[in-house]
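All of these numbers come straight from a predicted model, not from anything done at the bench.
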Amino acid sequence: QVELVESGGGLVRAGGSLGLSCATSGMVFSRNAMGWYRQTPGEQRELVACITSGGRTTYADSVRGRFTISRDNAKNTVYLQMNSLKPEDTYVYYCNADPRGLGCGRGYWGPGTQVTVSS
């Protein structure tokens, strides 16, 4: 049974930093592309960052240069370091594991973690 569990969300002031983690189990982690998405109620879930099984990364234009995605295959965990946070980064952040390995958005999802950035 595949399980993804996000942690590290919370409340931070604008300009601050937060680090998210997504611990996984029940799958061959290294074969999956791993991604972070975000969503608010009533809106479509949007890609924040993706890292392929080979380590290639992609970012949304809105976070490029501020956020960094990384993975630790030995720990079956993917991370999202978020710096220079803005109020518009306030969302529920979701972890994604995509068995295709080369892209994100399909496969498995975590329950999400709330990130709130105050002005």
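If you chain together hydrophobic residues whose side chains sit under 4.5 Å apart, W36 and L102 never meet in one group.
Heavy atoms of other residues, nucleotides or ligands lying less than 6.0 angstrom from CD of Q44 number 12 at most.
Separation of atoms CZ (R64) and OG1 (T58) is listed at 8.5 Å; rounding is to 0.5 Å. Expressed to the nearest 0.5 Å, how far CZ of R66 lies from CG of L85 amounts to 6.5 Å. Distance check: L80 CG to Y59 OH gives 7.5 Å after rounding to the nearest 0.5 Å. The distance from atom CD of Q81 to atom CG of L18, rounded to the nearest 0.5 Å, is 8.0 Å. We find the OG1-CZ distance between T24 and F29 to be 5.0 Å, quoted to the nearest 0.5 Å. A distance of 9.5 Å separates CZ of R71 from CG of N76, quoted to the nearest 0.5 Å.
A donor-acceptor contact shorter than 3.5 Å is absent between the side chain of T113 and the backbone of Y93. E6 contributes no side-chain N or O that, together with a main-chain N or O of C22, makes up a donor-acceptor pair within less than 3.5 Å. N32 places no side-chain N or O within donor-acceptor distance of the main-chain N or O of M34, the cut-off being under 3.5 Å.
Closest approach of A97 to L4, counting heavy atoms only: N-CD2, 3.7 Å. Taking both residues in full, the closest heavy atoms of C104 and A33 are given as SG-CB, 4.0 Å, listed atom of the first, atom of the second, then distance. For the pair V2 and G26, the tightest heavy-atom approach, listed with the atom from each and the gap, is CG2-O, 3.5 Å.
Using a 4.5 Å heavy-atom cutoff, the side chains of S62 and R38 are in contact. Within the 4.5 Å cutoff, side-chain heavy atoms of T90 are placed close to those of Q114. Here the side chains of V92 and Q39 are not in contact, with every heavy-atom distance at 4.5 Å or above. The shortest distance between side-chain heavy atoms of Y94 and N96 does not fall below 4.5 Å.
Checking each of I69, V63, L20 against V48 for a side-chain contact (heavy atoms from CB on, under 4.5 Å) leaves exactly one that passes, namely V63.
The pair K86-D89 does not meet the salt-bridge criterion, since no charged nitrogen lies less than 4.0 angstrom from a carboxylate oxygen.
Not counting sequence neighbours, the partners of S17 by the side-chain hydrogen bond (donor to acceptor under 3.5 Å, both in side chains) test are N83.
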Practice problem: Please assess S53 against R31 for the test side chain to side chain contact (heavy atoms under 4.5 Å, CB included), listing each intermediate value before the final yes or no. | Solution: CA-CA 5 Å; S53 58; R31 295 180 184 172; 5.5 Å; no
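Centroid-to-centroid, the aromatic rings of W109 and Y37 come within less than 6.0 Å.
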